[in-house]
Amino acid sequence: MSKLSIKNKELMTSGVVGVVLILSGAILLFLEENLFAVIVDCVLLLAMLFAVWIQRKDSEPFDEMTKENSDEAANKTAYLLHILLVVLAIYLLISRQTITLNGGSIMMFIGSIQLIKMAFFLYIDGKASVEGE
Amino acid sequence: MALYTKMKEYRTKLEISQEALANQVGVRRETIIRLERGQYNPSLKLAMDISKILGVTVEELFEFREE
């Protein structure tokens with residue numbers, strides 16, 4: 001059986017976790033406590049378990065170049081986040097508005113960051129896969 | 001300073017595929033591709049592992065030149 005590529009592993013772990021966090025946050029924010037919300041929660045829990053299972057599967061080595069690409073993606077994400085926070089702070093200062101963070105929005109925020117980092121990593125790492133022998 | 005390498009030359013001489021070399025040194029094939037294109041500076045350990053498999057010294061394999 002062929003090994004799982006780093007790209008697929010990243011999509012099926014970080015990607016799934018990011019989407020699950022965003023959806024969980026959305027459920028907390030927008031859905032009332034009913035049977036539908038419980039069913040969606042169960043599906044999300046299964047998706048999370050799938051991500052954990054994929055994490056344990058045999059894959060390509062997370063070698064030194066992959067580590068560097070992952071670090072670069074994390075740096076770019078942090079840079080983007082700082083810019084967003086500065087823009088938001090300036091906007092709030094000018095408009096004299098306040099923001100309230102609750103559990104759901106924090107989960108959506110963390111999920112979005114996770115997806116942005118994954119997108120940066122796939123972009124940076126994908127540049128190497130264009131050419132073969 | 002740019003990295004130049006003769007990795008591809010030595011590898012093809014020994015008829016080792018990128019995949020096989022990658023497996024032997026424990027990295028991904030993409031890492032070997034970037035190394036051969038001079039787009040990635042390997043760690044000393046990786047450079048030594050590759051040179052050992054290709055039967056040459058690190059200095060013969062990798063070289064930094066002024067651009």
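Letters A, B, ... mirror the listed sequences (proteins, then strands); counts begin at 1.
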Joint cluster assignment, A:Ile83 & A:Ile116, ILVMFWY side-chain distance < 4.5 Å: no

Kindly check if the number of other-residue, nucleotide or ligand heavy atoms within 6.0 Å of [atom1] ([X]) is above 12?
X        : atom1 : result
A:Met108 : CE    : yes
A:Gln97  : CD    : yes
A:Phe62  : CZ    : yes

In Å, rounded to the nearest 0.5 Å, how long is the span from [atom1] of [X] to [atom2] of [Y]?
X       : Y        : atom1 : atom2 : value
A:Ser5  : B:Arg29  : OG    : CZ    : 12.0 Å
B:Arg34 : A:Asp125 : CZ    : CG    : 6.5 Å
A:Ile6  : B:Arg28  : CD1   : CZ    : 5.0 Å
A:Glu64 : B:Thr31  : CD    : OG1   : 7.5 Å

Might you point out which heavy atoms bring A:Asp63 and B:Gly26 nearest each other, and give the distance in Å? CB-O, 4.2 Å

Could you list who else is in A:Ile99's hydrophobic cluster, with ILVMFWY side chains joined at under 4.5 Å, directly or through other members? A:Leu88, A:Tyr91, A:Leu92

